[in-house]
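For the numbers below, each heavy atom of this structure counts, side chains included, while hydrogens, waters and symmetry mates do not. Proteins get letters first, then strands, A, B, ... in listed order; numbering begins at 1 in each. Remember, predicted model here, so these are calculated numbers, not experimental data.
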Amino acid sequence: MNDILSGIQAAFWLIVTLDADLIEITLRSLQVSLSALVIASVLALPFGTWLAVRRFRYRRATIATLNALMGLPPVVVGLIVYLLLSRSGPFGVLGLLFTPTAMIIAQVIIITPLIASIAHQAMRELWAEYHDLLISLNTTKRQRIMTLIWDGRRALLTAGLAGFGRAIGEVGAIMIVGGNIDHATRVLTTAIALETGKGDFELALGLGFVLIALALLVNFGIHSLSKTEREGRW
Amino acid sequence: MNDILSGIQAAFWLIVTLDADLIEITLRSLQVSLSALVIASVLALPFGTWLAVRRFRYRRATIATLNALMGLPPVVVGLIVYLLLSRSGPFGVLGLLFTPTAMIIAQVIIITPLIASIAHQAMRELWAEYHDLLISLNTTKRQRIMTLIWDGRRALLTAGLAGFGRAIGEVGAIMIVGGNIDHATRVLTTAIALETGKGDFELALGLGFVLIALALLVNFGIHSLSKTEREGRW
Amino acid sequence: MTHSMSVSLHKMHVKRRGKSILGPIDLELAPTGFTMVLGPNGAGKTTLLKVLHGIERVSSGSVQWSVSGAQAQQEQAYVFQSPIMLRRSVSQNLAYPLQISGISKAEITGRVETWLDRIGLSNMAERPATRLSGGERQKLALGRALIRDPQVLFLDEPCANLDGRSTREIEALLLNTLHTGTRIIMTTHDIGQARRLASDVVFLLNGELHEQGRATEFFDEPKTPEAKAFLNGDIVE
Amino acid sequence: MTHSMSVSLHKMHVKRRGKSILGPIDLELAPTGFTMVLGPNGAGKTTLLKVLHGIERVSSGSVQWSVSGAQAQQEQAYVFQSPIMLRRSVSQNLAYPLQISGISKAEITGRVETWLDRIGLSNMAERPATRLSGGERQKLALGRALIRDPQVLFLDEPCANLDGRSTREIEALLLNTLHTGTRIIMTTHDIGQARRLASDVVFLLNGELHEQGRATEFFDEPKTPEAKAFLNGDIVE
Amino acid sequence: GTGQALRLGRAGDVDAILVHSKAAEETFVEDGYGTHRREIMYNDFVLIGPETDPAQIAEAATASGALQKIEAIQSTFVSRGDDSGTHKKETSLWSSAGFDAASFGAWYKAVGSGMGASLNTAAGIDAYILSDRASWLNFGNKGGLAVLFSGDPVLFNQYAYLPVDPERHPHVNATAARQLEAWLTSPTAKELINTYQIDGEGLFTFNATQ
Ligand SMILES: Nc1ncnc2c1ncn2[C@@H]1O[C@H](COP(=O)(O)OP(=O)(O)OP(=O)(O)O)[C@@H](O)[C@H]1O
Ligand SMILES: Nc1ncnc2c1ncn2[C@@H]1O[C@H](COP(=O)(O)OP(=O)(O)OP(=O)(O)O)[C@@H](O)[C@H]1O
Ligand SMILES: [Mg+2]
Ligand SMILES: [Mg+2]
């Protein structure tokens, strides 16, 4: 109990003293996770919507696979990305290993199935509602997907936020491909893992609370920006 | 590339030779994650549905918080559970630390917000459809929630599967509270982390592919049992 | 069916986003009879019915039933303008209001059978309700409302999608229900139907209560030119 | 509006879960005229319209338009029995079919204005379409179908929730559209309306084509006792 | 790492710990968390780097000399950076070579990870790194790395056994901790430790006093 309190205290001090290291790794966390979120959303939202709209032979199998991919173990993703990007791997020449880019790649792989799966679920209901009209109007596949994405943007927000949450809290994969290098690839979660390893639980918890506060901030920010819950909206 | 291939090969050999250790840790993985899933679903499905049904003052804030909690960093959850269960912590007398029970507790904390948030999203649409009728029929809160859960069970499946995926692939928290003790708390993900640390990528990847296969199996199983995608069902 | 329910609206006003959509209205409805709410599209008929039923938020003023609010709602039933189908089979839709009242399984089965027959859907009891045709949905919604023997019945254009024969049968059913003591408050755009059924009329125009009175008088000698125009299908302005 | 479209059904059969719900039907529809599809609830009217429009899967047999399938669908419009509202404002709903056809912004604005006026919803252009009253939705759906000047227009009970005046106005609008060369295929349960509008009638019963012919003949001297009973609102069996 | 193990011992979540960081261990006993500290065995640290050895450390005479050569050409060096026993050893080696590790530039990468993860990082970017011999021999992803320097007596690495004090944490299984200690210092353990080999190399040397 005491440890948890001193963790909160540590978080408080880190924040009020504007600890330079803290600011650096917090910004890097945000940069990596938001980049991953944007890239993953660009891939996953249309794909999830497309899955809701299209009927094809292996649709069931695709959906089951997508759901299963939500469970991609981060460590395995990290390993595979490591092997691909390592000097002896096929993309070794790019020299991306142990850079924030590598971390973004790993996170994109982890959160894309999650976002796509939640998006698919949400879009399925909307598609059931719009189906007859959009078919009747002879819309193209692309138009259907764009219409659903636009009119279902509120539901897609949850998908995006789930993805962001997964990304910002993830540590297994980015530890492997980013290496937790000080001043280069250290982010909040890897720093927490480091402090835990050192047995400095106060600092680890403190960083953890900073991370949670950050997640809350982003969520409240997005919610109030998009006014999702305001009465009288869709 | 070669490493990945030998990983697949390793997975293949592990499976065809019915490696006893593999079977043990696979079963433990399943046991821990399914227990966590059941407990989290019992908490999260009614809660998410309740959130869709009830209008109250801090609803927006609750939803934003729930979404933020989807990003609870596993390491922090692990730490907090560790501190609570540790001998010097408030629940130390229970002696739960470094047991599968501790791992289940940590996973429940991680996946409950995820399941609740996706469930809330799905139930909101259904509630919009049913709202007038259920209000008019003068149903109790409990009846509303039960009706929505029953009629929206398909959508809740995605929520559950997302939670299962998150649980089975998680490593940060269970490593801290479970300790990765051989024959006691070692599961697939912690074994993968161990082999990665040893630099034995073939074995790590092999275990990873076993884990992915397991996730696929569970998903295909549940999908075909529940016939979610069969034409003409709800 | 032991106690009767009357209702009175006092300065009842419904606003949405700062715009007045119904009222302010002062209105008394007697505990018996067949009240027809008439008026052009968008006049506020649906809003009024929902306010009376207690499922539409009132911005100001009051709605007072002669019994307590909880009891009032418990003994009322409402058929929505666009029927809401539970994602279940036809017979499960009929059984639902009984299940939530905690009625025994055996009795539910019996009453569902009876009502399937009365609304003419016996041969599609196991069909998913969401697959029904427009008219079949309306019949199901009506049966689901009547199956609990409500004391007050609200009907929002219940025959809009029904064929001639079904309309006649439903009208007979409604008159029958009325004679067992049920209070009925209904809207329709079919003036002929309104004439056949109503004992009194509430005429709404642009969200305001324009005229109210006994049915015979309203149809034969409407007091205002607007009501006259409405009955003729002319421009009402 | 340069080429006309006729359609022929050959042994067209719609089954769902092994149950026949419409057909087998052989039917020819001429490239012009106002066809009224009549029949009791659940007869298969909606199903037939959807099959003709190409949005309902046919289990066997064929549906052949005189122009290619893609072109046929491009120049048709459909008003559904229960209007489907996009979760957008009223004017955005009207603009939608124009936007997806890639029409210029300026032209869209103009045409939306015109049609808002024609369907009488000008004063609620910015209201969310999902908040409209039942009748307002039907008008919006109709405007959204007509705004692309379709060559073939399907209407599934378009006036079910409209008041007397709106019904008359919409009827005038439809006859006007007919006279500019649009083919109209419609269902209704209002026999009076059917009489006023139809040039020919397709009478369905229990999923089968029971009678087909010119409107005047059908209404004045129905060939079968079932049709006669239907027109009288009697039991049709 | 050693830090987390000491922390677990302090909380009483384990009955005994086996670690390698003398100063921290002595504080642990002084603070009354452990009953005593008993040395069990030792192995040694080795300097690992790319087989091409750009800094030529293989030719250095001492560990300090090897580190000076690395610093001279600022060749990429991976540090555990996690306050572990190995990390503390590395920092002290740098200071005896005359440097302050905290002031190094980007070529010195403090990765804040366990030994395995740090070795993976070094293998991924062909860097120099200090490792204990056991971890290195157990490590499977050697890539282009090889042991380039070893044998300097300062690289000696002592492991010690510290039972948790049952007076502070009454629930600890002191009997089991005593049994384990007896076993660890027994001739059987001596035999096992001294003959444990990977790739034909011995790893540990038993040095417990009876
Ligand atoms: N939430 C809302 N926001 C804005 N306008 C609303 C809202 N709800 C209803 N309205 C408007 O209030 C008016 C009255 O609606 P109501 O549904 O009561 O009409 P009605 O008399 O039942 O019409 P109809 O005969 O078409 O069913 C309509 O013009 C409708 O558009
Ligand atoms: N997917 C389905 N599964 C089973 N039955 C179906 C399905 N779709 C339609 N039906 C049935 O087919 C029949 C014809 O339906 P349709 O909607 O065409 O009737 P309709 O003539 O338009 O009736 P209404 O006048 O009530 O609108 C109905 O009895 C309906 O319940
Ligand atoms: Mg209405
Ligand atoms: Mg129909």
Colleague: May I ask you to name which of B:E125, B:E129, B:R166, B:E170 has the most heavy-atom pairs under 4.5 Å with chain A?
Modeller: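 Top option by heavy-atom pairs under 4.5 Å: B:R166.
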Colleague: Counting only heavy atoms closer than 4.5 Å, note whether A:Y82 contacts chain B via side chain, backbone, both or neither.
Modeller: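 When you check distances to chain B, only side chain atoms of A:Y82 fall under 4.5 Å.
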Colleague: Which heavy atom of A:G169 sits nearest to which heavy atom of B:P74, and what is that distance?
Modeller: O-CD, 3.1 Å
Colleague: Look at B:A167, B:S33, B:A162 and state which one has the largest set of heavy-atom pairs under 4.5 Å with chain A.
Modeller: B:A162
Colleague: Only pairs under 3.5 Å count here: list side-chain donor-acceptor contacts from residues 194-215 of chain A, not counting sequence neighbours, and write none if there are none.
Modeller:
residue: A:T196; atom: OG1; partner: A:I192; partner atom: O; Å: 2.7
residue: A:D200; atom: OD1; partner: A:L203; partner atom: N; Å: 3.3

Colleague: Where is the tightest heavy-atom contact between B:V75 and A:A193, given as atom of each residue plus distance?
Modeller: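 It is CG1-CA, 4.3 Å.
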Colleague: Given the rule in the side-chain contact (heavy atoms from CB on, under 4.5 Å) test, do B:F220 and A:T65 qualify, once you have shown the distances and angles that lead to the verdict?
Modeller: CA-CA 8 Å; B:F220 274 89; A:T65 309; 3.7 Å; yes
Colleague: If I measure from the heavy atoms of chain A, does B:I176 come under 4.5 Å with its side chain, its backbone, both, or neither?
Modeller: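 The answer is the side chain of B:I176.
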Colleague: Would you name the heavy atoms of B:Q121 and A:R154 that are closest together and state the gap between them?
Modeller: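 Minimum heavy-atom contact is OE1-O, 4.4 Å.
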Colleague: Under a 4.5 Å heavy-atom cut-off, does chain A meet the side chain of B:A61, its backbone, both or neither?
Modeller: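 Answer is both: backbone and side chain atoms of B:A61 are under 4.5 Å from chain A.
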Colleague: Looking at every non-hydrogen atom in both residues, tell me the closest pair between B:N219 and A:A68 and how far apart they are.
Modeller: ND2-CA, 3.2 Å
Colleague: Considering all heavy atoms of both residues, which atom of A:S117 and which atom of B:T158 are nearest to each other, and what is their separation?
Modeller: OG-CG2, 3.8 Å
Colleague: Other residues, nucleotides and ligands only: do more than 12 of their heavy atoms fall within 6.0 Å of CZ on A:F91?
Modeller: no
Colleague: Could you have a look at A:L79, A:L161, A:L188 and say which one has the most heavy-atom pairs with chain B under 4.5 angstrom?
Modeller: A:L79
Colleague: If you count the non-hydrogen atoms of other residues, nucleotides and ligands that lie under 6.0 Å from CZ in A:F56, is the total more than 12?
Modeller: yes
Colleague: Give the minimum heavy-atom separation between A:P73 and B:T189, together with the two atoms involved.
Modeller: CB-CG2, 4.4 Å
Colleague: B:D132: what forms a salt bridge (charged side-chain N to carboxylate O under 4.0 Å, His left out) with it, not counting sequence neighbours?
Modeller: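 Checked B:D132 against salt bridge (charged side-chain N to carboxylate O under 4.0 Å, His left out); matches are C:K50.
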